[in-house]
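Values in this document were obtained by computation on a predicted structure and should not be read as measured data.
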Amino acid sequence: MSDQKRITPRDEDFSAWYNEVVLRAELADHSPVRGSMVIRPWGFGIWERMQRALDDRFKETGHENAYFPLLIPMSFIEREKEHVAGFKPELAVVTHAGGKDLEEPLVIRPTSETVIYAMYAKWVQSYRDLPVLINQWANVMRWELRTRLFLRTSEFLWQEGHTAHATDQEAQEETLLILDLYRRFMEDWIAMPVITGLKSDAEKFAGAVRTYACEGMMQDGRALQAGTSHHLGQNFSRQFDLTFQSEEGTEEYAWNTSWGVSTRLVGGMVMTHGDDQGIVVPPRLAPTQVVIIPIHRSDEDRTRVLEKAEEVRTRLHEQGIRVRVDSRDHLSPGARFYEWERKGVPFRIELGPRDLESGQLVLVRRVRQEDVGKKGKEFLPEGEVISSLPARLEAFQQELLERARARREERSHRGVTSIEEMKEILDGPGGFVYTGWNGDPAVEARVKEETRATLRCLPDPDFQSSSPPARCVSGEGESRTEAVWARAY
RNA sequence: CGGGACGUGGCGCAGUCCGGUAGCGCACUGCAAUGGGGUUGCAGGGGUCGCCGGUUCGAAUCCGGCCGUCCCGACCA
């Protein structure tokens with residue numbers, strides 16, 4: 001692809017655009033190991049901020065971080081029947097170590113339920129030891145047949161939370177608490193609106209009783225499962241003897257939950273906000289929120305301009321803004337503008353000799369507001385730029401969320417009743433298709449077969465609120481009336 | 001595993017049909033002039049043409065085999 005090729009997210013070949021943007025935006029490279037990736041500093045900076053924000057929330061809800069082994073004995077994985085059936089095909093296995101064949105193969109963790117609950121079984125004796133609320137930041141590996149940078153790499157980084165509770169109800173509340181935490185994080189930080197709901201039995205996590213998920217809608221009309229929260233019931237505690245003595249003195253199996261989000265969120269951010277110029281990073285996630293581009297001709301100008309740039313940088317920094325000066329003078333100003341736009345920095349300040357004379361600065365926002373003039377440039381007094389930037393960053397963050405929500409609504413098709421209608425929508429603009437649902441797995445399989453769409457979730461309006469109900473049941477009890485379908489990544 | 005395409009300096013490609021000893025753009029290095037939306041000029045550095053074998057005076061090019069990558073399906077955060 002030529003260096004000057006325009007990047008067009010609405011091209012038919014969206015994946016080519018996506019890879020082009022991601023690579024050229026210096027977020028990630030393919031690694032020498034097929035299907036895994038190298039995350040470059042700018043991309044990792046974004047992930048790092050996601051980690052920090054999520055970690056703060058986990059602390060607020062009483063969770064602690066811990067670390068468990070990378071290698072899991074094969075026999076652990078095999079203990080839970082559905083779990084092994086779900087993961088077996090994509091396991092990477094270590095069979096040889098220390099110069100000889102191992103008696104028992106070791107699996108590189110695809111997820112850590114089994115090792116973690118094996119340990120919990122040793123830690124928990126009494127109801128007084130519960131709940132156990134632990135999170136782990138780690139890498140995992142799933143040998144996927146087809147990979148896509150950030151969205152589905154064989155090795156990825158994530159956080160996985162694993163909890164043990166004394167009652168079913170408590171575990172259910174935990175599951176929904178985290179689901180809600182995820183939804184808020186995705187909206188507040190990534191500016192990525194998501195639908196939350198229950199997965200069908202066909203789509204749920206291998207070994208879970210119920211799986212809840214956050215589903216985002218990308219600009220090409222395909223859905224992205226951005227995070228999941230599972231109620232594991234007693235499936236794992238029974239296999240790993242995770243028991244406790246209750247207040248009444250009886251021996252009981254604990255109730256477990258697990259939940260996770262991954263570096264896939266970075267891909268979600270790219271595909272939610274990216275445009276023809278490259279990616280767009282929401283201000284709260286941006287490693288650099290404001291970049292200052294000094295412009296000068298003579299050496300004399302250069303000194304004055306750089307001094308002023310440093311002064312502006314310091315004053316913005318004092319306001320808590322992440323700001324940097326790009327003073328590379330082997331690149332023309334235009335080249336530097338393009339580079340930072342491609343990387344998605346929310347605001348740029350241009351500063352040259354003319355601005356020194358006028359006491360103004362040129363302020364340019366990454367995604368233009370329609371009411372600003374040519375090329376989105378605003379000529380403002382220096383003091384105003386500095387004092388208004390915190391509010392502008394916040395407004396930009398909000399606007400990204402609103403725009404993304406509006407795009408999703410345009411792509412949401414409600415009250416669809418026939419497969420023909422559904423196919424027409426999916427072959428056209430794509431998006432979320434809301435249909436009736438009678439809970440029949442045979443219907444689900446047929447629709448999937450004919451439309452290539454999957455049942456993303458059974459949304460419950462109550463889940464969208466901050467007080468999650470505890471009355472959701474999959475496959476039995478109340479039947480849901482609505483299902484959301486989409487073609488997904 | 002089925003169906004398609006492709007492996008040539010760091011990246012993107014041409015050259016392959018019709019064999020003659022490797023080229024273009026970008027990037028990189030140096031110098032000079034430029035600089036408010038991807039600057040220009042001059043001078044440079046860098047390639048076992050995926051691998052193995054065969055045909056030939058001679059192979060990036062023809063033949064055989066192997067390996068790898070990407071895209072579309074099944075699987076998946």
When you measure from the centre of the six-membered ring of A/F432, is the NZ or CZ of A/R408 under 6.0 Å away and within 45° of the axis?
no
For B/rC75, does OP1 or OP2 lie under 4.0 Å from any side-chain N or O of A/K448?
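Answer is yes, contact under 4.0 Å.
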Can you find a side chain N or O atom of A/R297 that sits less than 4.0 Å from OP1 or OP2 on B/rU34?
no
5'-most contact on RNA chain B: A/D329 or A/E144, nearest heavy atom basis?
A/D329
Quickly work out the [X] [atom1] to [N] [atom2] distance and round it to whole Å.
X: A/I295; N: B/rU39; atom1: CD1; atom2: P; value: 12 Å
X: A/R336; N: B/rG38; atom1: CZ; atom2: P; value: 13 Å
X: A/E350; N: B/rG38; atom1: CD; atom2: C1'; value: 14 Å

Which part of the nucleic acid, if any, lies within reach of [X] when heavy atoms closer than 4.0 Å are counted: base, sugar-phosphate only, or nothing?
X: A/I293; value: nothing
X: A/S154; value: nothing
X: A/R354; value: base

Suppose we call a contact any N or O donor and acceptor under 3.5 Å apart; does that hold for the side chain of A/E341 and the base of B/rG37?
yes
Between A/F236 and A/H83, is the gap from one ring center to the other below 6.0 Å?
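Yes; A/H83 has its ring centre under 6.0 Å from that of A/F236.
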Is it true that A/R365 and A/E378 make a salt bridge, defined as a side-chain N closer than 4.0 Å to a carboxylate O?
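Not counted as a salt bridge, because no side-chain N and carboxylate O are separated by less than 4.0 Å.
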Hydrogens and angles aside, do A/W485 and A/T435 bring a side-chain donor and acceptor to less than 3.5 Å of each other?
yes
